K.L.:
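Would you mind keeping the following structure in view while I ask a few things?
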Amino acid sequence: MAADIISWLAVGLILATSTTILISRDWRVSLGSLAAQYISVFWLASSHLPFVMGSVKLIAGWMVVAALGMTRLGLTNLEEEEDTFWPRGRWFRVILTFMVLLVTAGSTTRIEAAIPGLGLPVIAGGLLLIGAGVVHLGVTSNLLRVTLGLLTMLAGFEIIYAAVESSILVTGFLAVANLGLGMVGSYLLVAGSTPLENGEEL
Amino acid sequence: MSAPLLWIAIPFFVGVLILFFLRERFSAFIGGSVAAILALIALIFPIDEALLLGSISLKISPSIQFFGRSFEFSAADGALLAIIYGLAALWFFGTEASGTANRFVSLGLMIVSLLTASIAVEPFLFAALLIEIAAMLVIPLLVPPYQKPGRGVVRFLIYQTFAMPFILFSGWMLAGVEASPGDLGTTTQAGTMLGLGFAFLFAVFPLYNWIPMLMDEASPYVAGFLLWALPTFTVIFALGFLDRYVWLRTSPQLSNAIQFAGVFMVASGGIFASLQRHIGRMMGYSAIAETGLLILIMGLRSSEIVNLTFLLLIPRGLALAVWALALSILKRNAYSLLFNEVQGLARSFPAAVTALIFAQLSMAGFPLLAGFPARLAVWQELAGQSLSMTMWVFIGMLGLLAAAIRSLAVFVMADEEKRWRVNESWVQVTMLGLGVIGLFILGMFPQILQPFMADLPSLFNRIGQ
């Protein structure tokens, strides 16, 4: 009973953090929300995985947040790019989040009926994250935000996949994939800010 | 010594060592030599068979356990490994001539080893994870540290990341389909998920828009390597699915859908290639058309799917390598690869232009060149099943041919006063020359590939039954 309540609180936290990542213009707030999001991911994944394997997801996620944060902190001359998509604005993104919530609410019980045993909070949390990640990728071309969108989408997938596959190797590879995504995001943020050292690189 | 250790771990660690400890001057030779040696070992030493050399008995064990799962190579994988590492050696030796940085050989070795791991991992659907990790390693190759990333790279990363969850989840659903194949709902869902996953991986229309963008932004040699490596291993991965799940092979709707996707890619790739004014983008669209041919082959209702696939894959690797090398030589001397920048370059870089045109013609299926025997075989099989599809494939090839003729016209369009000079280095001329000779040899004597291809159908022995 208590575990169920905490699971639904985790889903609530996922909704709050994914919305915050989508509407916030400050990268610090976005990364902080991503870090909080991984706590929910840890809790929901741990309902089907051993505690240690669930904690791998949390640690990998926080390492990614740290890497992205340190990289972004070092780029002091980077201006926040104005998205050129129409429509844009916070209310539009809130509406998008609401649509994701509606789809999640409609799909969760049907998926639970099709694949019993997953648990409603796990499905809801996973679908929310996948939807929020996809929506985020659709409304931004900023490198950091693209990375956050991909990480969010992957986190949602990992929650649901943890319920069907509990292999150590898969957990490890998914952690490597998350870390790799974070490092690639950091690399792409930094690329172009270092001058060309020698002509041979052309 | 185990096969996964030899063909996965060793090249990966050699790649790491080259990245951190070796100078650029030696990296091409070391990396190419390692790949060539691994290819030779795969050819000479059979896996899981004891070889007696005097009083010494050598055996390469086929598998290794890793965190509860295994990486396995069978005896039939030897030829496949020889092909993969042989072609990789061509790419690595070519960096000497292309002038690509040290990172290419080191990261290239790591990428090839990860992709090789993807064909060895059991259960095989975990390959999606390894392909994703390899795709991430490509990013530092595509985007040098001094260059701002373009939209093509970001889109490539997004699509590769999208592919992984679809394939992993479909793998789980396929297990349920096996248990109750008559359940149409589950079958449709599993097929859709799998199709979407491979659509992202193969860059099926309209998900291939990142390829021409990448040809604009990235080094042609690196982009060519990516366009060779990823589809090659993705095809092997896809053949594994067809081999494993009988309903995938026997479903007429699925094979029609696969054929349609393949034909669409061939036709659209060829038509778009013929309309390009950027020779790098032409290579991108030609690669798209070739990938379409590979997808089309997998949709054929034929017992020759595996033979046709590898008959196409091997010349494809050589043609792309020659084309990418020629492009990278030209790009170092032209501001961009647009027609107005490369006009008349045949008189300044005759070797590169000649090699480029022959590679382009090979990928268009021009007779006497490496691509022709495979395309002829595909047309023969396809004509027995659908004349309209054969016609569209022909239109696609015609588009590629038109692109090659336009390129040739632009390259030779120079002032009469301009003198002929060979500005390529002797290394570049040698490599390009060897590549072109290879294209002719494979075109005129395709039976040379027979020893490599004899064992390959046993890798997927349920396909074609």
Side-chain angles (χ1 to χ4, degrees), chain A residues 53 111 114-115 126 130 133-134 136-138 140-143 145-147 149-151 153-161 163-202, chain B residues 24-25 65-71 99-103 114 117 121-123 125-140 142-151 153-155 157-158 160-162 164-166 168-169 171-173 175-176 185-186 189 219 328 331-332:
Chain A
M53 286 167 65
I111 293 174
I115 316 170
I130 291 171
V134 170
H136 201 169
L137 288 169
T140 186
S141 57
N142 178 277
L143 283 167
R145 299 196 167 278
V146 165
T147 311
L150 286 173
L151 287 168
M153 191 225 27
L154 260 187
F157 162 73
E158 284 187 53
I159 289 172
I160 297 176
Y161 199 63
V164 303
E165 178 63 60
S166 57
S167 156
I168 297 174
L169 188 65
V170 168
T171 306
F173 277 146
L174 283 171
V176 170
N178 273 293
L179 288 169
L181 210 48
M183 286 169 64
V184 163
S186 298
Y187 177 83
L188 291 175
L189 281 171
V190 168
S193 61
T194 52
L196 181 60
E197 286 182 6
N198 58 59
E200 286 177 5
E201 287 204 5
L202 277 173
Chain B
E24 186 183 332
R25 231 169 357 131
Q65 294 296 316
F66 190 71
F67 285 108
R69 304 291 178 176
S70 64
F71 289 84
T100 321
N102 177 33
R103 275 193 320 275
L114 281 172
V121 69
E122 288 293 333
L125 64 94
F126 292 170
L129 286 156
L130 289 159
I131 292 173
E132 165 71 1
I133 296 168
M136 284 190 234
L137 273 179
V138 175
I139 302 292
L142 294 171
V143 183
Y146 53 82
Q147 184 181 312
K148 282 192 85 63
R151 288 162 51 215
V153 171
V154 177
R155 204 163 287 192
L157 180 64
I158 291 171
Q160 294 300 308
T161 308
F162 269 36
M164 184 184 69
F166 279 114
L168 284 177
F169 214 74
W172 174 76
M173 293 175 80
T186 316
Q189 285 167 6
S219 155
S328 64
K331 190 166 184 184
R332 293 178 90 185

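Since the model is a prediction, treat every value here as computed from it, not as a measurement. Reminder, nothing fancy here: chain letters follow the sequence lines and each chain counts from 1.
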K.L.:
Where on Leu174(A) is there a heavy atom nearer than 4.5 Å to chain B: the side chain, the backbone, both, or neither?
P.N.:
both

K.L.:
Just checking Met183(A): does its CE atom have more than 12 heavy atoms from other residues, nucleotides or ligands closer to it than 6.0 angstrom?
P.N.:
no

K.L.:
Would you find more than 12 non-hydrogen atoms of other residues, nucleotides or ligands less than 6.0 Å from Tyr187(A) atom OH?
P.N.:
yes

K.L.:
Top residue by heavy-atom pair count (under 4.5 Å) with chain B, among Leu150(A), Ile160(A), Ile130(A), Ile168(A)?
P.N.:
Leu150(A)

K.L.:
Which answer fits Val143(B), side chain, backbone, both or neither, if we ask what part of it has an atom under 4.5 Å from a heavy atom of chain A?
P.N.:
both

K.L.:
Looking at Val176(A), Val184(A), Val170(A), Val164(A), which one has more heavy-atom pairs under 4.5 Å with chain B than the rest?
P.N.:
Val164(A)

K.L.:
Closest approach of Gln147(B) and Ala191(A), non-hydrogen atoms and distance?
P.N.:
O-CB, 3.4 Å

K.L.:
Can you say whether Leu168(B) sits under 4.5 Å from chain A via the side chain, the backbone, both, or neither, judging by heavy atoms?
P.N.:
both

K.L.:
Please state whether the side chain, the backbone, both or neither of Leu125(B) comes within less than 4.5 Å of a heavy atom of chain A.
P.N.:
side chain

K.L.:
Which answer fits Val146(A), side chain, backbone, both or neither, if we ask what part of it has an atom under 4.5 Å from a heavy atom of chain B?
P.N.:
side chain

K.L.:
How about Leu169(A) and Leu129(B): do any of their side-chain heavy atoms sit closer than 4.5 Å?
P.N.:
no

K.L.:
Run the numbers on Leu188(A) and Lys148(B) for side chain to side chain contact (heavy atoms under 4.5 Å, CB included), then give the verdict.
P.N.:
CA-CA 8 Å; Leu188(A) 291 175; Lys148(B) 282 192 85 63; over 6 Å; no

K.L.:
Given a strict heavy-atom distance threshold of 4.5 Å, which part of Ile115(A) is in contact with chain B: side chain, backbone, both, or neither?
P.N.:
side chain

K.L.:
Side chain from CB out, backbone as N, CA, C, O: work out which of these in Phe173(A) comes under 4.5 Å of a heavy atom of chain B, or both, or neither.
P.N.:
both

K.L.:
Please state whether the side chain, the backbone, both or neither of Leu137(B) comes within less than 4.5 Å of a heavy atom of chain A.
P.N.:
neither

K.L.:
For the atom pair CG (Leu137(A)) and CD1 (Ile158(B)), what is the distance rounded to the nearest 0.5 Å?
P.N.:
5.0 Å

K.L.:
Measure the spacing between CZ of Arg151(B) and OG of Ser141(A) and express it to the nearest 0.5 Å.
P.N.:
8.5 Å

K.L.:
Is any side-chain heavy atom of Pro145(B) closer than 4.5 Å to one of Val190(A)?
P.N.:
no

K.L.:
Does the side chain of Met153(A) come within less than 4.5 Å of Phe162(B)'s, by heavy atoms?
P.N.:
yes

K.L.:
With a 4.5 angstrom heavy-atom cut-off, which part of Phe169(B) approaches chain A: side chain, backbone, both or neither?
P.N.:
both

